[in-house]
J.: 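Once you've had a glance at the structure underneath, I'll fire off some questions.
What's counted below: heavy atoms across the whole structure, side chains too, no hydrogens, waters or symmetry copies.
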Amino acid sequence: MSIKLNTTSSPSVELSSYRDQHFKGTRAEQDRLLRNSCTLYVGNLSFYTTEEQIYELFSKCGDIRRIIMGLDKYKKTPCGFCFIEYYNRADAESCMRYINGTRLDDRIIRTDWDAGFIEGRQYGRGKTGGQVRDEYRSDFDSGRGGYGKIIQQKVTSLSDGGFGR
């Protein structure tokens with residue numbers, strides 16, 4: 001007696017339209033890697049979320065090979081994202097189905113497929129060292145460090161008379 005596995009894909013595990021602009025290779029190579037990847041990008045984390053909290057939640061979907069915390073390029077402090085590598089694709093797919101869009105540390109987190117972690121990608125790509133999205137945020141978000149960096153700079157320059165002291 002053989003058991004037939006359900007091989008149909010669900011929308012929650014399909015590839016999103018996002019592609020890493022810094023990927024070194026062709027779009028076809030990136031798509032192939034994404035379709036076979038066991039690595040996920042996790043975004044919208046609080047700056048105060050710990051690796052232990054991430055492990056506790058994401059290990060419910062399977063065995064984790066490693067977690068790479070996203071760090072501010074200059075301060076080397078967490079800046080709201082991480083990469084999670086599972087040992088197998090099925091566990092990563094479970095994560096995409098069940099954890100994407102859930103709350104962690106009072107924030108709704110986003111997961112997406114990643115073509116595979118390469119050293120250096122753990123650092124924020126924004127001009128101020130963190131994430132680009134945070135620089136342009138105009139609302140106050142205590143979990144992400146307050147107001148967006150550009151707004152903070154404007155407020156600071158106005159309060160010190162524009163002399164940057």
J.: To check you understand the geometry: which heavy-atom pair defines the closest contact between Asp105 and Ser46, and what is its length?
T.: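 In this case the closest contact between Asp105 and Ser46 is OD2-CB, 4.0 Å.
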J.: Could you pull out all residues at least two apart from Asn36 that satisfy side-chain hydrogen bond (donor to acceptor under 3.5 Å, both in side chains)?
T.: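 Checked Asn36 against side-chain hydrogen bond (donor to acceptor under 3.5 Å, both in side chains); zero matches.
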J.: Looking only at non-hydrogen atoms, find the nearest pair between Phe58 and Ile109 and report the distance.
T.: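 Here Phe58 and Ile109 meet closest at CZ-CD1, 3.7 Å.
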J.: Answer whether the closest heavy-atom distance between the side chains of Trp113 and Leu40 falls below 4.5 Å.
T.: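 Result yes, sub-4.5 Å side-chain heavy-atom pair found.
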J.: Output all residues satisfying side-chain contact (heavy atoms from CB on, under 4.5 Å) with Asp31, sequence neighbours left out; order by chain, then residue number.
T.: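 Once residues adjacent in sequence are excluded, the partners of Asp31 under the side-chain contact (heavy atoms from CB on, under 4.5 Å) criterion are Arg19, Arg27, Leu34, Arg35.
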J.: For Cys82 versus Ile54, what's the shortest heavy-atom pair and its separation?
T.: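 Scanning both residues completely, I find the closest heavy atoms to be SG-CD1, 4.0 Å.
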J.: Partners of Arg66 by salt bridge (charged side-chain N to carboxylate O under 4.0 Å, His left out), sequence neighbours excluded?
T.: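 Arg66 satisfies salt bridge (charged side-chain N to carboxylate O under 4.0 Å, His left out) with Glu85 only.
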J.: Are the side chains of Asp72 and Phe47 in touch, meaning some heavy atoms are under 4.5 Å apart?
T.: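 Not in contact.
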J.: Is there a side-chain contact between Tyr86 and Cys61, using heavy atoms and a 4.5 Å cut-off?
T.: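 Of all side-chain heavy-atom pairs linking Cys61 with Tyr86, at least one is under 4.5 Å.
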J.: Is it the case that one hydrophobic cluster holds both Ile84 and Leu15, taking links as side-chain heavy atoms less than 4.5 Å apart, direct or via other members?
T.: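 Per the 4.5 Å side-chain linkage, Ile84 and Leu15 are co-clustered.
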J.: Go through the structure and list residues passing salt bridge (charged side-chain N to carboxylate O under 4.0 Å, His left out) with Arg32, not counting sequence neighbours.
T.: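 With neighbours one apart ignored, the set is empty.
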J.: Are Leu104 and Thr49 close enough that some pair of their side-chain heavy atoms sits under 4.5 Å apart?
T.: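 Touching, per the 4.5 Å side-chain cut-off.
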J.: Do the side chain of Asp112 and the main chain of Tyr41 share a donor and acceptor less than 3.5 angstrom apart?
T.: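 No; zero donor-acceptor contacts below 3.5 Å.
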J.: CG/Asp91 to CZ/Arg65 distance, rounded to the nearest 0.5 angstrom?
T.: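 Answer for the CG-CZ pair, Asp91 versus Arg65, is 11.5 Å.
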J.: Just verifying a value: how many Å separate Arg121 CZ and Leu71 CG, rounded to the nearest 0.5 Å?
T.: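 Arg121 atom CZ to Leu71 atom CG measures 13.5 Å (nearest 0.5 Å).
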J.: First locate atom CD of Glu52, then atom CG of Leu57, and finally report the distance between them rounded to the nearest 0.5 Å.
T.: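 Going from CD on Glu52 over to CG on Leu57, the span is 13.5 Å.
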J.: Can you tell me how far the OH atom of Tyr87 sits from the CG atom of Asp63, to the nearest 0.5 Å?
T.: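 Between Tyr87 OH and Asp63 CG, I get 7.5 Å after rounding to 0.5 Å.
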J.: For the backbone of Ala90 and the side chain of Asn88, can you confirm whether one donor and one acceptor N or O come within less than 3.5 Å of each other?
T.: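 Yes; at least one donor-acceptor contact below 3.5 Å.
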J.: Give me the atom names and distance for the closest heavy-atom approach of Asn100 to Met96.
T.: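 Residues Asn100 and Met96, closest heavy atoms: CB-O, 3.4 Å.
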J.: Identify the two heavy atoms, one from Ile99 and one from Thr102, that lie closest to each other, and give their separation to 0.1 Å.
T.: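 Of all heavy-atom pairs spanning Ile99 and Thr102, the closest is O-OG1, 2.7 Å.
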J.: With sequence neighbours excluded, tell me which residues meet side-chain contact (heavy atoms from CB on, under 4.5 Å) with Glu119.
T.: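 For Glu119, the residues satisfying side-chain contact (heavy atoms from CB on, under 4.5 Å) (neighbours in sequence not counted) are Phe117, Gln122.
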J.: With no hydrogens and no angle check, is any side-chain donor or acceptor of Ser37 less than 3.5 Å from a backbone partner on Asp114?
T.: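 Indeed, once roles are kept as given, a pair shorter than 3.5 Å links the two residues.
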J.: Do Tyr55 and Met69 share a hydrophobic cluster (ILVMFWY, side-chain heavy atoms under 4.5 Å, transitive)?
T.: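 As far as the 4.5 Å side-chain criterion goes, Met69 and Tyr55 are connected within one cluster.
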J.: For Glu56, what residues pass the side-chain contact (heavy atoms from CB on, under 4.5 Å) criterion, not counting sequence neighbours?
T.: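 If we apply the side-chain contact (heavy atoms from CB on, under 4.5 Å) test to Glu56, skipping adjacent residues, the hits are Lys60.
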